[in-house]
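Report on the structure given below.
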Amino acid sequence: MQNYDHQSIEAKWRAYWKEQKINEVVEDTTKPKFYVLDMFPYPSGAGLHVGHPLGYIASDIFSRYKRLRGFNVLHPMGFDAFGLPTEQYAIQTGIHPAVSTDKNIKRYREQMDQLALSYDWSREVRTCDPKYYKWTQWIFTQLFDHYYDLDEDKAIPITALKERFEKEGNLKVQAAHTHANSFDASAWQSMTAKEQAEVIMDYRLAYRKIGYVNWCEALGTVLANDQIKDGLSERGAHPVEKRAMTQWYLRITAYAERLLEGLEHIDWSDALKTMQRNWLGRSEGASIHFDIKDHNAQLEIYTTRPDTIFGATFMVLAPEHPLVSQITTGDQQGDIDEYLDYVKSRSERDRQSDVKNVTGAFTGAYALNPFTQVEIPIWIAEYVLMDYGTGAIMAVPAGDERDHKFAEKFDLPIIEIIDRTDYPNAGIEDKVGTMINSDFINGKPVLEAIAAVCQAVEDKNMGKRQVNFKMRDANFSRQRYWGEPFPIVYDDEDIATALPLAELPLTLPDSDDFQPTAEGASPLARVTEWVELPDGRRRETDTMPAVAGSSWYYLRYMDPGNEDAFASKSTIDYWQDVDLYIGGAEHAVSHLMYARFWHKFLYDLGYLPTDEPFQKLINQGMIQGVIEFIYLKKEKTEGQHHFICRSMASDFDEEELVRIPVPIEYVSAYGTDDSYLTTEGIDGFIKWSPSYKDAIFEIPDGTYQKGATTVTGNQKEFQLITHSEVGKMSKSKYNVINPDDVIGQYGTDCFRMYEMFLGPLESSKPWDTNGIDGVFKFIRRLWRLYFDENGTFAIDRITPASKDELRILHSTIKKVQEDIERYSFNTCVSHFMIAVNDLKAYEVQKLEIAEALVVLISPFAPHIAEELWHQLGHEDSVHRAQFPELNEDHLKQSEITYPVSINGKKRTEAAFSVDATKEEMEAEALKLEAVQKWIDGKTIRKVIIVPGRMINIVAN
RNA sequence: GCCGAAGUGGCGGAAUUGGUAGACGCGCUGGAUUCAAAAUCCAGUUCUCGCAAGGGAGUGUGGGUUCGAUUCCCACCUUCGGUACCA
């Protein structure tokens with residue numbers, strides 16, 4: 001009997017598809033479009049592991065399915081090729097990032113091809129390619145040359161803003177900005193060019209300002225907030241400190257409201273939307289001005305609880321607040337200076353790791369409650385952050401937990417302002433209860449009180465209602481080599497200008513020194529012939545972060561070769577936006593937020609027809625690995641490392657042992673509860689890690705050292721039990737499973753179907769090769785449906801399919817179609833198994849059934865489907881076929897078997913004709929022997945019959 | 001702490017609108033085929049009582065709604081993910 005030979009068949013069809021350019025797609029207005037996108041990978045040196053392809057396979061199945069349904073499908077892939085790891089690798093090895101990037105991409109490409117992912121590679125993009133980053137730079141120049149007008153609620157050219165300043169100053173301009181002062185037309189006209197440039201800078205959507213940045217000394221660069229974990233750099237776990245630097249920023253906050261609102265109209269998971277909402281962190285409240293006793297300056301605070309103003313017993317400024325130096329009194333100067341020193345000495349990590357500890361110092365100054373003129377002492381404390389709100393708060397110990405702790409520690413008064421006797425379970429920050437001790441709002445419920453105070457604040461000109469967002473403008477500067485250079489030059493007055501399109505791309509100059517300079521400037525600063533222009537101007541030396549290139553790559557796929565635009569109007573009008581986007585949840589905030597921001601910006605400029613880039617988004621789960629550890633005693637035995645069996649670990653205190661990860665190839669029964677090392681496994685481990693070559697390995701029955709066993713018990717085989725843990729697949733845990741190995745053994749079709757069969761796309765699960773045999777068997781069984789026992793292709797082309805065969809086929813069509821549409825690929829695989837198991841009852845398959853089944857399965861197992869399709873006599877590819885049409889008539893049955901329950905518990909079954917009436921069924925059901933037995937001696941209260949579903953008899 | 005998701009056999013998981021809980025696969029048990037093995041095929045497999053027929057229990061825990069709850073409501077527990085002095 002001829003068995004399915006995946007090696008030769010898969011290779012044959014991959015070559016055929018390549019030659020036929022079957023995956024290339026062009027705009028075709030006669031067909032509806034569908035855009036399926038994967039998050040493009042960062043090509044790391046490690047290659048793909050079995051976890052990466054999960055999303056790629058799912059999106060590929062969906063793409064192939066949509067093609068069979070007559071859609072013109074755009075399904076591209078590219079590489080997010082700028083970034084820190086490649087540069088770190090270059091620093092360590094001297095290999096130029098461009099060289100290692102090329103090599104890594106080549107490897108990724110091979111692995112992806114092996115998975116038979118139907119990407120149109122003629123559309124590949126790489127963010128590090130000058131032809132690509134020309135347009136990344138161009139979008140940056142557009143951000144630089146626009147500001148956000150709040151009246152128009154969109155981005156407007158800076159030239160229009162200059163004209164308004166010329167005519168009327170900035171008094172009436174409603175715009176997103178960071179400029180502190182107001183000026184009229186004459187003030188504007190009397191400014192120097194440099195002063196004007198500085199004002200304009202504060203309005204640009206891409207702007208420069210001094211900011212406190214996360215500086216990582218060891219990496220020599222600024223890090224974004226999401227590159228920091230627990231106060232240490234995500235990469236390398238180096239300490240991070242705050243440092244003031246002039247940096248480029250993108251004014252994403254201008255789009256905060258639209259980024260929030262847009263979430264209402266896209267089909268993303270609630271979990272993801274909530275994450276974005278939390279990140280945006282919208283809050284409604286009021287900003288209120290407090291006079292300062294004996295000072296001209298006013299103190300502006302932001303609060304979400306203006307109703308609690310009569311309970312404000314002290315004010316707190318952030319230590320960096322500019323007023324601190326002005327208002328501190330002579331006798332408090334010492335305290336304040338001491339506290340500021342303390343704050344400076346604390347790293348980001350200290351601040352985060354001990355939030356319970358309350359600290360602060362008194363300035364000696366007093367603010368005046370704007371309603372009552374009561375004097376309120378002004379303190380400074382770490383817990384108030386300079387870059388949120390106004391960097392200052394009114395502290396209400398009775399209404400805020402942190403304020404309460406602070407008041408207790410420094411013995412400040414606490415005034416109860418809300419009577420919550422009607423709400424015994426409410427917390428002190430809940431917006432329920434009735435105001436007390438609160439002047440004109442006494443007796444009002446909290447929500448009314450908030451409104452009343454807001455109104456009074458505005459009426460009396462003490463401040464205004466205000467909406468705040470937690471999200472900050474993003475730092476867009478990196479002091480690195482391997483990124484897009486900023487298309488910006490400075491003149492001798494340090495006025496920044498963007499390069500015109502004609503001068504783009506500004507290519508990254510070649511260099512072989514990737515270390516940042518001692519002052520923390522980018523390595524580009526060393527390339528003086530590049531930095532210094534002949535006319536005396538100089539270039540920006542920072543580069544853009546990795547998020548730049550990934551914020552718009554999905555648009556470039558529409559028209560990747562275009563040299564005159566990031567994509568032509570006609571291709572954008574055709575492809576519109578992404579219909580389905582699949583990728584990991586690790587990009588839930590930064591990448592997806594930035595892409596949405598850039599998309600909305602380009603929409604404002606009229607380049608895009610829609611204002612959201614990704615209509616449907618799915619986060620695929622992670623495929624985890626099992627990490628195997630062995631226990632090492634911290635204390636050496638007779639100068640030797642001493643490992644012990646897991647079964648002995650409970651005899652020791654936790655502090656006495658360390659867990660050492662072991663590469664999984666040495667472990668027997670890998671992934672099971674009782675995985676262990678044999679003496680061969682130990683030998684392998686020692687060879688791999690020679691520092692343990694003389695180590696002692698102890699099990700309850702004996703020891704193993706330097707190749708010799710001392711077994712005291714009667715155990716036949718030496719088994720050192722390991723400790724298993726599920727975790728991320730990672731090089732450092734030595735638990736990476738390479739898809740190439742699995743594919744080599746089982747074939748791509750099997751691998752694809754097995755990854756889908758593992759479970760729902762969105763849930764994380766550990767990789768387990770054990771189950772793959774089931775899918776492998778299924779594929780061979782599928783193959784055998786088409787061959788007789790002599791291995792000859794055998795299909796009945798004459799006999800029409802029976803009713804039963806048609807029912808099997810059409811129920812499979814129905815289920816597969818429905819399940820693909822709801823991205824439930826694991827259940828599709830089950831349905832295929834059921835179909836093949838059912839059809840096996842027929843010795844020879846009928847043509848009609850055989851053909852439809854091949855098409856149905858082709859998105860999942862493209863190679864075997866293509867082979868069978870050609871064996872069936874087709875010249876063209878199965879991937880150009882049509883999805884079989886569902887005919888519900890074949891699913892209709894003349895009889896339905898009903899479960900019959902008594903009091904909700906199923907007791908028996910009974911078959912009824914589909915057109916039996918309820919009355920007939922009820923009468924028949926009551927006559928059933930099994931029913932009689934259960935209702936004997938009881939009264940029938942009710943009989944419930946749901947047609948097509950079930951029968952329930954209620955009796956007692 | 002807050003927000004989100006999820007808890008179903010020995011294991012991965014299924015049950016789409018409240019309607020036969022455990023599809024499909026792994027594993028396991030027994031059998032057929034074979035000189036033997038691989039491969040393949042057949043039967044069984046939630047737990048529990050019982051030789052069987054047939055009972056009882058059962059979807060994290062406790063309650064509720066309903067003729068009927070894995071599904072809806074309330075409270076709690078656990079796990080995972082995100083986030084954190086955000087005023």
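Values below: all heavy atoms of this structure, side chains included; hydrogens, waters and symmetry mates excluded.
- The side chain of A/K470 approaches B/C86 more closely than any other nucleotide in the set B/G19, B/A87, B/C86.
- For the OP1/OP2 pair of B/U40 and a distance below 4.0 Å, the side-chain nitrogens and oxygens of A/R780 include at least one atom meeting the criterion.
- Contact annotation: A/K942 side-chain N/O to B/C67 OP1/OP2 distance is under 4.0 Å.
- Each of B/C67, B/A15, B/U40 was ranked by its minimum atom distance to the side chain of A/R784; first place goes to B/U40.
- Using a 4.0 Å heavy-atom criterion, one finds that A/E909 contacts the bases of the nucleic acid, with or without backbone contacts as well.
- Residue contacts shown for A/E401 are absent, as no nucleic acid heavy atom lies under 4.0 Å away.
- Atom name P, nucleotides B/A52 and B/C74: the rounded distance is 45 Å, in whole Å.
- No side-chain N or O of A/R807 forms a donor-acceptor pair with one of A/Q893 less than 3.5 Å apart.
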*Stepwise side-chain contact (heavy atoms from CB on, under 4.5 Å) test for A/L853 and A/Q845*: CA-CA 11 Å; A/L853 185 65; A/Q845 300 307 315; over 6 Å; no

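- Counting any heavy atom pair closer than 4.0 Å across all strands shown, A/W934 reaches sugar-phosphate atoms only and no base atom.
- Contacts of A/D387 with the nucleic acid, taken as non-hydrogen atoms under 4.0 Å apart, are absent.
- Between A/F62 and A/Y823, the gap from one ring centroid to the other is short of 6.0 Å.
- Using a 4.0 Å heavy-atom distance criterion, A/L758 is classed as a sugar-phosphate-only contact.
- Residue contacts shown for A/K933 are limited to sugar-phosphate atoms, with no base heavy atom under 4.0 Å away.
- Considering only side-chain atoms of A/S283, the nucleotide from B/A87, B/A14, B/C3 that sits closest is B/A87.
- In this structure, the ring of A/F776 has its center less than 6.0 angstrom from the ring center of A/Y746.
- Regarding contacts with the backbone of B/G68, every side-chain N or O of A/R949 stays at 4.0 angstrom or more from both OP1 and OP2.
- Across all strands, A/V384 comes closer than 4.0 Å to base atoms (heavy-atom distances).
- With respect to the salt-bridge test (charged N to carboxylate O, under 4.0 angstrom), the residues A/K405 and A/E401 do not qualify.
- Among the heavy atoms of the strands lying under 4.0 Å from A/P760 are primed sugar atoms or P, OP1, OP2 only; no base atom is included.
- The side chain of A/T304 sits closest to B/A87 out of B/G13, B/G68, B/A87.
- Among the protein residues, A/R277 comes within range of no part of the nucleic acid, since none of its heavy atoms lies under 4.0 Å from any strand.
- Base pairing annotation: B/C51 forms no Watson-Crick or G-U wobble pair, as no partner gives both donor-acceptor distances under 3.5 Å.
- With a cut-off of 3.5 Å on both Watson-Crick or G-U wobble distances, the partner of B/G62 is given as B/C74.
- When the P atom of B/G82 is taken as reference, atom CE of A/M622 falls 8 Å away, rounded to whole Å.
- Remark: the separation of the C1' atoms in B/U8 and B/U59 is 4 Å, to the nearest Å.
- Glycosidic torsion of B/G7 falls outside 90° of 0, placing the base in anti.
- Straight-line distance between the P atoms of B/C41 and B/C26: roughly 10 Å, to the nearest whole Å.
- Closest contact between the side chain of A/S830 and the listed nucleotides B/U20, B/G25, B/A23 involves B/A23.
- Residue contacts for A/N468: at a heavy-atom cut-off of 4.0 Å it reaches no nucleic acid atom on any strand shown.
- Across all strands shown, A/D768 has no heavy atoms under 4.0 Å from either base or sugar-phosphate atoms.
- Evaluation of atom-type donor-acceptor distances gives a pair under 3.5 Å for the side chain of A/R472 against the base of B/C86.
- Ring centroids of A/Y339 and A/Y342 are separated by less than 6.0 Å, placing the two rings close together.
- The same atom, C1', is picked in B/A69 and in B/A21; the two are 11 Å apart, to the nearest Å.
- In this model, the phosphate group of B/A87 is approached by a side-chain N or O of A/Y388 to a distance below 4.0 Å at OP1 or OP2.
- In summary, A/K616 and A/E821 do not engage in a salt bridge, as defined by a charged side-chain N under 4.0 Å from a carboxylate O.
- B/G44 is paired with B/C28 under the criterion used here, namely a Watson-Crick or G-U wobble arrangement in which both key atom distances are under 3.5 Å.
- B/U70 and B/U61 are spaced 15 Å apart, taking the C1' atom of each and rounding to whole Å.
- Pairing for B/G1 is with B/U83, a Watson-Crick or G-U wobble pair whose two hydrogen-bonding atom distances lie under 3.5 Å.
- Within 4.0 Å (heavy atoms only), A/L385 reaches at least one base atom of the nucleic acid.
- Of the C1' atoms belonging to B/U33 and B/A39, the separation is 11 Å, rounded to the nearest Å.
- A distance of about 13 Å separates the P atoms of B/U17 and B/U71, rounded to the whole Å.
- Annotation: A/Y383 is in aromatic contact with A/F406 [ring centroid separation under 6.0 Å].
- Among the heavy atoms of the strands lying under 4.0 Å from A/R781 are primed sugar atoms or P, OP1, OP2 only; no base atom is included.
- Here A/K905 does not reach the OP1 or OP2 of B/U20: none of its side-chain N or O atoms lies under 4.0 Å away.
- Residue A/N619 places no side-chain N or O under 4.0 Å from the OP1 or OP2 atom of B/A5.
- Separation of the C1' atoms belonging to B/G56 and B/G50 is 12 Å when rounded to the nearest angstrom.
- In this structure, A/R822 does not reach the B/A14 phosphate: none of its side-chain N or O atoms is under 4.0 Å from OP1 or OP2.
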